[in-house]
Participant: 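Dumping the structure here so I can ask a few things about it.
For ligands, and for the atoms within them, numbers begin at 1 and follow the listed sequence. Residue numbers run from 1 in the order of the sequence given.
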Amino acid sequence: MKQQLENIRQQALASLEAAASPSELEELRVKWLGKKGELTAVLKMMGKLSPEERPIMGQMANSVRAEIEAKLEEAKAAIGAKVLEAKLAAEAIDVTVPGEEVTLGHQHPMNMVLQQVKDIFVGMGYTVVDGPEVELASYNFTRLNIEEGHPSRDRSDTFYFTDDDSILLRTQTSPMQIRFMEAHKPPLCMLAPGRVFRKDEADATHSPMFHQIEGLVVDEHITMGDLKGALVAIMKQIYGEDSEMRFRPHHFPFTEPSCEMDMQCHKCHGTGEVDGNVCSTCHGEGWIELLGAGMVHPEVLRNCGIDPEKYSGFAFGMGLERMAMGRMRINDLRLIFDNDVRFLNQF
Ligand code: PHE
């Protein structure tokens with residue numbers, strides 16, 4: 001029995017010495033000291049000893065137990081320290097390693113130009129308003145003095161929702177003139193940017209969805225001179241003092257007289273040619289049409305309950321994409337809607 005205890009002592013101490021993990025230690029504790037462990041098994045045989053031997057063996061068993069327990073604590077502490085050390089090494093953070101670069105987005109070039117245009121007009125006292133993209137034909141056409149049968153009402157030009165052609169995707173922001181004059185009485189000064197939709201094939205200067213910015217000013221004694229002055233002032237702020245623009249007579253059913261304003265082509269500088277080829281940006285025109293404008297037709301004022309004998313006004317509708325193209329020197333309208341980051345990152 002003495003020999004058995006001595007074996008347990010030696011084997012237990014050696015195994016504890018070799019243990020490498022907390023779970024291994026726990027296994028060894030159960031093996032040597034547990035209720036069904038080796039030491040308990042020896043102690044169970046104590047009954048068979050003579051009364052003289054019993055206390056001696058008991059004492060020896062206790063000292064073996066104490067030694068194993070002490071060794072167990074020691075091993076536990078050593079392994080704990082090692083595990084902590086390994087964990088610290090694995091989780092170490094090198095604060096001197098350069099961080100990953102965070103790429104920040106920015107406004108889309110269209111929004112940049114829109115923001116600039118809005119800022120300029122707000123500075124001139126205009127109120128910026130928003131309106132529905134799904135519009136009634138009465139606002140988009142009829143009350144703007146565009147009669148039944150007018151070519152712009154054709155199903156080949158306009159997206160209609162209903163068989164009776166009464167609801168549509170607005171083809172222009174001009175219905176906002178009616179909506180604003182319905183709700184406000186002169187003097188009034190409004191700017192209404194938004195999406196418009198036409199059945200156009202996409203090319204370098206056309207898209208079935210594009211943006212317009214509608215402007216409307218109504219007061220006593222408003223003249224074509226006010227219209228021209230306002231538009232020239234705005235364009236010079238956007239394109240620079242030395243930018244070239246021209247006004248051409250035109251016709252719109254809701255303005256009289258009407259005009260269009262062109263901006264000299266930024267690609268060919270008005271020559272219509274690039275390297276001996278027809279300029280693709282202005283199709284050889286040398287000019288890019290930017291907006292339609294005119295004096296609000298008396299019929300339109302009347303349709304909104306405003307007396308054309310007392311009040312007059314001007315209105316304009318400009319193409320935001322066209323403006324952005326000139327401002328940012330973009331040659332193809334489709335790039336604006338492609339959302340290719342290689343393109344967008346240039347702005
Ligand atoms: N709505 C016209 C267009 O889309 C532009 C315009 C607006 C013309 C206001 C005159 C007055 O072409």
Participant: I'd like to know whether ligand 1 has Ala293 as a neighbour, heavy-atom separation below 4.0 Å.
Facilitator: yes

Participant: Report the relative orientation of the aromatic rings in Phe343 and Phe347; use parallel for angles under 30°, tilted for 30 to 60°, perpendicular for over 60°.
Facilitator: perpendicular

Participant: Say whether Leu191 and Phe210 are linked into one hydrophobic cluster, either directly or through other cluster members, by side-chain heavy-atom distances under 4.5 angstrom.
Facilitator: no

Participant: Taking only non-hydrogen atoms of Phe254, do any sit less than 4.0 angstrom from ligand 1?
Facilitator: yes

Participant: State whether a side-chain donor-acceptor pair under 3.5 Å links His206 with Asp203.
Facilitator: yes

Participant: With sequence neighbours left out, write down each residue that passes salt bridge (Lys or Arg N to Asp or Glu O under 4.0 Å) with Glu6, or none if nothing qualifies.
Facilitator: Arg9

Participant: For atom 7 (C) of ligand 1, which protein heavy atom lies nearest, and how many Å away is it?
Facilitator: Gly317 N, 3.2 Å

Participant: Would Gln212 count as a contact of ligand 1 if the rule is a heavy atom under 4.0 Å away?
Facilitator: yes

Participant: Among protein heavy atoms, which lies nearest atom 12 (O) of ligand 1, and at what distance?
Facilitator: Phe252 CE2, 3.7 Å

Participant: Does the Glu214 side chain pair with the main chain of Ser174, one donor and one acceptor, at a distance under 3.5 Å?
Facilitator: yes

Participant: Where the side chain of Tyr160 meets the backbone of Arg153, is there a donor-acceptor pair that is under 3.5 Å apart?
Facilitator: yes

Participant: In terms of hydrophobic clustering (I, L, V, M, F, W, Y; side-chain heavy atoms under 4.5 Å; direct or indirect links), are Met318 and Met110 co-clustered?
Facilitator: yes

Participant: Out of curiosity, is His250 lining ligand 1, as in a heavy atom under 4.0 Å away?
Facilitator: no

Participant: Does Arg198 reach ligand 1, in the sense of a heavy atom lying below 4.0 Å from it?
Facilitator: yes

Participant: Examine Ser174 against ligand 1 and note whether any of their N/O atoms are separated by less than 3.5 Å.
Facilitator: yes

Participant: For atom 2 (C) of ligand 1, what is the nearest protein heavy atom, given as residue, atom name and distance?
Facilitator: Gln172 OE1, 3.6 Å

Participant: Hey, which atoms in ligand 1 end up nearer than 4.0 Å to a heavy atom of Gln177?
Facilitator: 9 (C)

Participant: Would you please indicate yes or no on a ring centroid separation below 6.0 angstrom for Phe121 and Phe316?
Facilitator: yes

Participant: Identify the protein heavy atom lying closest to atom 6 (C) of ligand 1, giving its residue, its atom name and the separation to 0.1 Å.
Facilitator: Gly292 O, 3.5 Å

